[in-house]
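Working notes, beginning with the structure itself.
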Amino acid sequence: MSEKLLEVKDLHVSFKTYAGISHAVRGVDFYLNKGETLAIVGESGCGKTVTSKAIMGLLPEDNTQIKRDGDSAILFHGENLLDYSEKQMTEIRGHQISMIFQDPMTSLNPTMKIGDQIMESILIHQKVSKQEAYRQAKEMLELVKIPNAEQRMKQYPFEFSGGMRQRAMIAVALACKPEILIADEPTTALDVTIQAQIMELIGSLQKELDMAVILVTHDLGVVASVADRIQVMYAGKIVERGTVDEIFYQSTHPYTRALLNSVPKIHTNNKDKLYSLKGTPPDLINPPVGCPFAARCEYGMKVCRQIPPVSTHFSESQECYCWLHHPKADVSGLPDGMIRPCVTERSAK
Amino acid sequence: MAEKEVLIEVKDLKKYFQVGKHATLKAVDGVSFKIYKGETLGLVGESGCGKTTCGKTVMGLYDATGGQVIFDGTDIHSLNKHEKKEFTKRAQIIFQDPYSSLNPRMTVADIIGEGIDIHGLYKGEERMQKIHELLELVGLNKEHALRFPHEFSGGQRQRIGIARALAIEPEFIVCDEPISALDVSIQAQVVNLLIELQKKKKLTYLFIAHDLSMVKHISDRVGVMYLGSMVEFANSDELYQEPLHPYTKALMSAIPIPDPHEEKIKRRIPIEGEIPSPINPKPGCRFAGRCRYATEACRTSTPELVEIKPEHFVACHRVKELNEL
């Protein structure tokens with residue numbers, strides 16, 4: 001029914017570091033439909049930003065290795081972006097796929113006027129006159145609800161507050177009406193009231209421009225109100241994915257459950273101890289052989305440390321990589337609702 | 001509950017910074033509150049509201065422009081050098097950024113031991129033993145003592161910061177955004193550790209953070225700050241269930257709830273615009289410019305923090321009529 005706009009297949013990204021090769025993303029696949037919001041959730045170092053930068057072709061060439069053989073591909077309208085030259089990527093970037101970053105101060109050019117920064121992407125990607133570009137840029141500023149657009153066009157980023165800068169960033173990113181917007185922690189640096197304003201803005205622009213959004217974040221609260229589907233990443237792999245409701249109410253992976261439980265609930269007067277995961281994420285220079293989460297998982301079994309888990313499907317949209325869903329697993333003592341009837345089983349990846 | 005002992009009383013605390021010839025940044029402008037022994041007082045607010053400055057002034061890291069901080073009967077801003085040293089033995093601070101608050105050239109043992117050395121609490125073998133004890137208390141182990149800060153992750157560094165604060169066995173700790181630089185699962189670890197230590201050592205906390213749900217979880221009472229002044233102050237459960245000040249209401253409604261169904265039914269109270277500059281603020285209620293209920297009176301006279309309900313203080317001219325009290 002819906003059209004696959006972007007499809008990422010078996011993405012592997014590793015970086016050369018002084019300590020050795022760090023395997024930041026280890027076999028990630030997912031797709032993005034037209035007009036939908038996909039959230040990628042995970043903690044720092046889980047590979048969520050690397051995944052989105054790989055789509056944009058923004059990873060530094062000299063120390064990055066992206067697997068290009070075999071099935072690996074990033075398909076945008078059926079074309080493999082991994083095969084594109086830098087020149088071809090430039091045409092896509094900012095035009096059909098745009099990205100906004102966490103820190104609006106370091107991602108805007110401090111020596112350029114805001115207006116010029118918005119006009120820049122219009123002038124590069126569209127054959128329009130400067131006057132037309134100016135008009136469109138001003139329209140964009142109005143669209144992102146920056147008051148006194150005419151005057152703001154002539155100002156520099158330092159004259160903007162944090163929230164205003166993020167609005168300006170969004171204006172730059174959306175100037176060419178892209179089909180996909182990748183928002184990498186767009187509100188992490190902002191206060192809650194401003195965060196609510198920005199999320200609302202992204203939502204309304206998404207409808208207006210019929211964009212698909214990939215929302216990369218660590219904050220499950222932000223995700224709850226805007227995402228259609230969620231995928232949870234841990235140590236460079238996807239551990240679970242599903243619709244918003246499936247992830248929030250019927251999650252089947254211990255890590256997803258731990259993430260959900262470690263945030264205090266604001267509407268209950270529960271002063272109990274917060275659920276907390278022991279330990280820290282694994283070192284990706286020597287990633288664990290089996291399930292990446294095994295070392296911290298309270299239900300970990302022997303097999304978890306030895307063989308990477310296979311995927312289990314619970315519905316058309318929900319799938320989970322965990323050995324606990326294997327028919328032979330010992331499921332006594334698991335929290336209610338974690339084991340659900342599966343649809344089919346697929347072989348290990 | 002009546003015989004609660006006051007450990008710290010902050011009276012009309014002011015901290016101004018001179019930022020130009022005719023410009024004064026009023027970071028904290030007349031804040032008063034009490035902290036009882038053994039409780040956790042939370043301070044919340046958005047960036048620039050003065051909560052960190054308030055915490056640092058309470059610790060004596062900044063000299064107050066006006067007002068008093070009375071710690072166990074004495075104003076800490078009138079102490080001489082010797083008395084100040086005595087005070088720092090009883091009060092400590094944990095900083096926000098675990099990356100910049102630990103000296104990269106010192107080993108963990110020396111970082112934790114610095115306070116012990118300054119106050120001459122333990123020497124030699126005993127000192128090392130104490131350091132090992134502290135490391136274990138915060139969930140690290142002995143082997144970590146001889147390492148340097150860069151060898152640790154963010155959560156572990158924050159634990160070192162906590163161990164340092166605990167080294168001299170203080171009664172009072174200012175926690176200045178101790179968890180905002182950490183990942184969700186690590187945040188829970190650190191918060192649990194703080195709560196556990198409080199029970200074990202009968203500590204009093206001033207917990208400063210912008211993460212409202214975490215503040216609610218850890219605090220007994222919470223103060224909400226806006227642009228240098230306290231707008232609402234109450235029991236934490238009451239504040240979250242029944243906020244009275246228009247700003248608190250908007251702030252509470254902006255908290256994203258990790259529950260899609262609740263998010264759908266939740267009504268968000270929008271506030272337009274952003275926090276105005278605290279440099280040479282206008283008279284009147286600080287929130288007046290963004291408040292949709294503001295009247296002429298709000299723009300001319302500054303509302304006082306008044307006890308509207310028992311132990312529930314609000315600084316708003318129209319609080320009674322707006323909440324039909």
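A, B, ... follow the sequence lines: proteins, then strands. Residue 1 opens every chain. Predicted, not measured: the structure shown is a model, and the values here were computed from it. Just so you know, these numbers use all the heavy atoms, side chains as well, and skip hydrogens, waters and symmetry mates.
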For [X], is it the side chain, the backbone, both or neither that has a heavy atom under 4.5 Å from a heavy atom of chain A?
| X | answer |
| --- | --- |
| B/Glu196 | side chain |
| B/Ser47 | both |
| B/Ile269 | neither |

Kindly state whether the ring of B/His261 and the ring of A/Phe248 have centres lying under 6.0 angstrom apart.
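Centroid distance B/His261-A/Phe248: not below 6.0 Å, so no.
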So what's closer than 4.5 Å to chain B heavy atoms on [X]: side chain, backbone, both or neither?
| X | value |
| --- | --- |
| A/Lys278 | backbone |
| A/Tyr275 | backbone |
| A/Met199 | neither |

I need the minimum non-hydrogen distance between A/Glu43 and B/Val184, along with the two atoms involved.
OE2-N, 3.8 Å
Could you go through the side chain to side chain contact (heavy atoms under 4.5 Å, CB included) check for B/Met214 and A/Val263 one step at a time?
CA-CA 8 Å; B/Met214 231 14 137; A/Val263 264; 5.9 Å; no
Test item: [X] and [Y] side chains (from C-beta on) under 4.5 Å apart, heavy atoms:
| X | Y | answer |
| --- | --- | --- |
| B/His210 | A/Val192 | no |
| B/Ile218 | A/Pro264 | no |
| B/Pro256 | A/Gln195 | yes |

For chain B, which candidate among A/Asn261, A/Ile194, A/Thr280 shows the most heavy-atom pairs at distances under 4.5 Å?
A/Ile194
Heavy atoms only, distances under 4.5 angstrom: which of A/Gly162, A/Pro281, A/Ala196 has the most pairs with chain B? Name it, please.
A/Ala196
In Å and rounded to the nearest 0.5 Å, what is the [atom1] to [atom2] distance from [X] to [Y]?
| X | Y | atom1 | atom2 | answer |
| --- | --- | --- | --- | --- |
| B/Ser153 | A/Asp283 | OG | CG | 11.5 Å |
| B/Gln187 | A/Ser276 | CD | OG | 12.0 Å |
| A/Ser225 | B/Arg268 | OG | CZ | 9.5 Å |

Whether B/Gln189 side chain and A/Gly279 backbone form a donor-acceptor pair below 3.5 Å
yes
Can you tell me if B/Asn192 uses its side chain to pair, donor with acceptor, with the backbone of A/Leu274 under 3.5 Å?
yes
Option in B/Val190, B/Asp259, B/Val191, B/Ile271 with maximal non-hydrogen atom pairs under 4.5 Å from chain A:
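Top option by heavy-atom pairs under 4.5 Å: B/Asp259.
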Looking at B/Lys309, I'd like to know if its NZ atom is crowded, meaning that more than 12 non-hydrogen atoms belonging to other residues, nucleotides or ligands lie closer than 6.0 Å.
yes
Verdict with reasoning, A/Thr193 to B/Glu46, per side-chain hydrogen bond (donor to acceptor under 3.5 Å, both in side chains)
CA-CA 8 Å; A/Thr193 54; B/Glu46 298 180 275; 2.3 Å; yes
